[in-house]
Amino acid sequence: MTALLELDGVTKRFGRVVIAENLSFSVGAGDTVGIVGPNGAGKTSLFGLISGDLAPGAGEIRFSGRTVTRLDAASRCRLGIGRTYQVPRPFADMTVFENVLVAAQQGGGLRRRASYAAAAEALERTGLGGEANVAAARLGLLQRKRLEIARAVATRPALLLLDEVAGGLTDPEVTVLVEIVRGINAEGTAVIWIEHVVRALTALVTRLICLSGGQFVGDGDPAGVLANPKVREVYLGSEVTASVVEAALEQEPSGQPGREPDPERSTS
Amino acid sequence: MAWVNAIIQGILTGGLYALFACGLSLMFGVMKVVNLAHGDLAVVAGYIGVGIIASTHMPFLWSVPVVVVIMAALGYALQRTMLQTALSRGELTTLIVTFGLSIVIENGLLQFFTANTRGIGVGSSLVSSSFKIGSQIQIGWLLVVVFALALVVLLSLQYFLSASKYGRLIRAVADDREAAQLSGADYRHVFGIAAAVAFGTVALAGVAYGMTTVIQPTTGTDTILLFAFAAVVIGGLGSLWGTLLGGIVLGVAQQIGAQINISYEVLAGYVVFLAVLVLRPQGLTARRSQS
């Protein structure tokens, strides 16, 4: 069986800054992969390489057995690679429904009725059904993040790239978001999720990758990767991190005021 | 009464100016292309109309959709080739490229059609017929027809942009090209469609101008482009109905100027244009959204 997404020796540099250094990995259909790493590690750029926003300097990217290295972002989207932006970028002048409709018609390749149904379903799934006719510019942060996901989902992706969708959200909001992503994954969509909110990742993913300086410093089951001293060093820094890691592993709230325990979390 | 007459004439002329301006506004709003060849392309459309009627003896009304389709196809092709290439080198490059295109078109027209003026024959009955309101106000039917055409074009554009699939796409790409790519939209194709629509309105502008007066190779730059710019700036950049408001303000200013002294006609228009630039640079209708 061929993998859904394969990167083979992908390298990208901007001048002397290394974005990706000979990266090779594969993701199977329906997989859930988390990516962590310090700022500037090349996480978002890696998404750019996969989604087609960036062209690699060397190496090959295959999707569903097809080489997509030279395809532009729109073509890759139509093949089934959906992506969200770290900072949501809705079409501000348009309604929430129109935002998603464009994705369903262009990325999803759907027409008329089918596209309307797919757009409505994507909104329903992300809990935006009630905001369908609101101008996207008027949405709050959580709603914008939901719209970002809804738009990606409406393109009917086989692979969904989530870029820090949990950033800036409260704990209960993160829990809601994790459930939305879990629902999308349950229908067979593979998910690669970049996130600083580690507990959001550990609640869902079965594989965790730590990226630093364009290279993998850890790849495997989440508990193992987070316990890896190298990972702790590059990503988590030093002492601060011990508590973060423990919190993530023990599935306990980190003790900050205003946070609520989350019974749903599991590292399975 | 002469003043009322002047104002009515000005308002109706504003419809023609709105036709000049809406394509320019659309190209800028979507692609950030300031098309300096805009007026020359309108003149080309006029010449195509003259040529089609002369060579096929097609009735005037039939020739209009033909010219529109030819210009729309030209718009798509030009956008996908020359303008897209220029855009990928930066928005300023499009200024140079369209300026060059303007020069080439003007000189090409001079070469092939000489500097003689030409008009589009729509039958003398429409050109010369008018109706009277009271004893002193006389309104030509031709201007009324052109004003109505402008209204229809603007209403159609608004419907197209707000309710159609491609209109939605154009708005999405104009808003955020990269995000639209991630939604699966090929922005180059969408740009091509926007250019085709803009060139369709350019064709109507050229034909309408050829109907109301005469065209010659330099009309594009010295009249159509400048009036289009003035209307867009007065009305507010990126606003569709602003082009009509801008066109009307320009038209009324010109007619009032002409009423004072016939040599002030064009000058009065530009005085208002400058006043708007100084006092309200965002135009009379401020744009709804952030830039």
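Throughout, protein chains are lettered first and strands after them, A, B, ... in sequence-line order, and every chain is numbered starting at 1. Please read these numbers as outputs of a predicted model, since none were measured by experiment. Basis for what follows: all heavy atoms, side chains included, without hydrogens, waters or symmetry-related copies.
The closest side-chain heavy-atom distance from A/Arg112 to B/Lys165 is not below 4.5 Å. Side-chain atoms of A/Tyr85 and B/Glu178, non-hydrogen and from C-beta on, do get closer than 4.5 Å to each other.
For A/Gln105, the part lying under 4.5 angstrom from a heavy atom of chain B is the side chain only. When heavy atoms are compared at a cutoff of 4.5 Å, B/Ala174 does not approach chain A at all. Using a 4.5 Å cut-off between heavy atoms, A/Leu79 does not touch chain B at all.
The existence of a salt bridge linking B/Arg188 and A/Asp72 is confirmed by a sub-4.0 Å separation between a basic side-chain nitrogen and an acidic carboxylate oxygen.
The CZ atom of A/Arg151 sits 4.5 Å away from atom OG of B/Ser183, with the distance rounded to the nearest 0.5 Å. Separation of atoms CZ (B/Arg168) and CE (A/Met94) is listed at 6.5 Å; rounding is to 0.5 Å.
Of the listed residues (A/Gly52, A/Gly107, A/Gly82), the greatest number of heavy-atom pairs within a distance under 4.5 Å of chain B belongs to A/Gly107.
Atom CZ of A/Phe216 sits in a crowded spot, with more than 12 heavy atoms from other residues, nucleotides or ligands closer than 6.0 Å. Within a 6.0 Å radius of CG in B/Leu92, no more than 12 heavy atoms belonging to other residues, nucleotides or ligands are found.
Taking 4.5 Å as the heavy-atom cut-off, none of the residues of residues 147-156 of chain B approach chain A.
Taking each heavy atom of A/Arg83 and B/Leu182 in turn, the nearest pair found is CD-CD1, 3.5 Å. Across every non-hydrogen atom of A/Cys77 and B/Gln181, the tightest pair is CB-O, 4.0 Å.
By the ring-ring contact (aromatic ring centres under 6.0 Å, His included) test, B/Tyr76 is found to be paired with B/His189, residues two or more places apart in sequence or in another chain being considered.
Checking side-chain atoms of A/Asp93 against main-chain N and O of B/Asp175 turns up no donor-acceptor pair under 3.5 Å.
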